[in-house]
Amino acid sequence: QARLVESGGGLVQAGGSLRLSCVASDWRSSINGMGWYRQAPGKQRELVASITSGGITTYADSVKGRFTISRDNAANTVYLQMNSLKPDDSAVYYCHLWDRFHYWGQGTQVTVSS
C-alpha cells in the first residue's frame, strides 16, 4: 500500500528549470527524511539532495546554488526545484525515503538538451 509517487520529469533545454515532486502515500511510520538520487547510464547512483525531518539539507557539490530541496511534512511530500539545468544533469531521478528502512521510487526521467 505504501508507495512513492514521483512526477515532474521531462525534456528541457539547457538553462531551463524543472520541479520534481514525490509524495509518500499511505505511510504509517514516522519519516526521518526524504531526498533525491539520480543515475545516468553507465554511472553510479548519486545523492542529489536530501532533507531530514528536522530540516537539515544536503546537496551534491555539482548542484549547489542551482537546485533547492524543500518539503511539506504534513503532506509527506518532497520537492526538488532544479534551475539552470545542464546536460550533465540528465539522468533518472529517484525519490528516496527513510524511516527505519529505506525506500525508493520508480524514477522519473530528466533530459536536458544542449
Side-chain angles (χ1 to χ4, degrees):
Q1 290 183 334
R3 64 187 190 277
L4 300 176
V5 181
E6 299 149 309
S7 62
L11 175 64
V12 66
Q13 290 185 326
S17 298
L18 288 171
R19 190 179 76 160
L20 306 183
S21 300
C22 178
V23 180
S25 180
D26 297 323
W27 228 265
R28 294 178 176 86
S29 62
S30 297
I31 298 172
N32 292 326
M34 297 180 70
W36 295 92
Y37 285 70
R38 68 186 181 188
Q39 187 167 26
K43 297 184 178 180
Q44 64 182 350
R45 185 174 296 189
E46 64 174 346
L47 174 68
V48 179
S50 66
I51 184 166
T52 70
S53 61
I56 300 172
T57 58
T58 300
Y59 293 94
D61 288 341
S62 60
V63 307
K64 288 180 179 177
R66 299 188 297 119
F67 291 10
T68 303
I69 191 167
S70 61
R71 66 178 185 176
D72 182 343
N73 286 341
N76 285 347
T77 302
V78 66
Y79 304 95
L80 185 66
Q81 179 66 46
M82 304 186 293
N83 298 327
S84 301
L85 283 162
K86 305 174 181 180
D88 285 347
D89 295 318
S90 297
V92 177
Y93 284 69
Y94 296 92
C95 182
H96 174 235
L97 179 154
W98 71 98
D99 43 37
R100 290 187 298 171
F101 306 99
H102 293 261
Y103 304 88
W104 301 90
Q106 295 300 306
T108 183
Q109 177 70 51
V110 171
T111 303
V112 184
S113 64
S114 60

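Atom CG of L18 sits about 9.0 Å away from atom OG1 of T108, to the nearest 0.5 Å. Of the inter-residue distances, the one linking T77 atom OG1 with M34 atom CE reads 7.0 Å to the nearest 0.5 angstrom. Rounding to the nearest 0.5 angstrom, the gap separating the OG atom in S29 from the CG atom in L97 is 7.5 Å. Taken from SG in C95 to OH in Y37, the straight-line distance is 11.5 Å, to the nearest 0.5 Å. Note: S113 OG to Q13 CD = 5.0 Å, rounded to the nearest 0.5 Å. Atom OG of S114 is separated from atom CG of D88 by 10.0 Å, given to the nearest 0.5 angstrom.
Both I69 and Y93 sit in one connected hydrophobic cluster of ILVMFWY residues. Membership requires side-chain heavy atoms under 4.5 Å apart, directly or through other members.
Minimum heavy-atom separation, V48 to V63: O-CG2, 3.7 Å. The two residues A24 and I31 have their closest heavy-atom pair at CB-CD1, 4.1 Å.
Stacking of R45 on the aromatic ring of W104 is recorded, both the 6.0 Å distance cut-off and the 45° axial limit being met. Figure legend: R71 and Y79 shown without cation-pi pairing, the cationic atom not lying both under 6.0 angstrom from the six-membered ring centre and within 45 degrees of its axis.
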(request) Show your reasoning for whether side-chain contact (heavy atoms from CB on, under 4.5 Å) applies to L4 and H96. (result) CA-CA 8 Å; L4 300 176; H96 174 235; over 6 Å; no

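Ionic pairing of D61 and K64 is present here: one or more N-O contacts between side-chain nitrogen and carboxylate oxygen are shorter than 4.0 angstrom.
Legend: residues meeting side-chain contact (heavy atoms from CB on, under 4.5 Å) with S17, ordered by chain and number and at least two apart, are Q81, N83.
Using the six-membered ring where Trp is involved, F101 and Y103 have ring planes that are perpendicular, over 60° apart on the 30 and 60° scheme.
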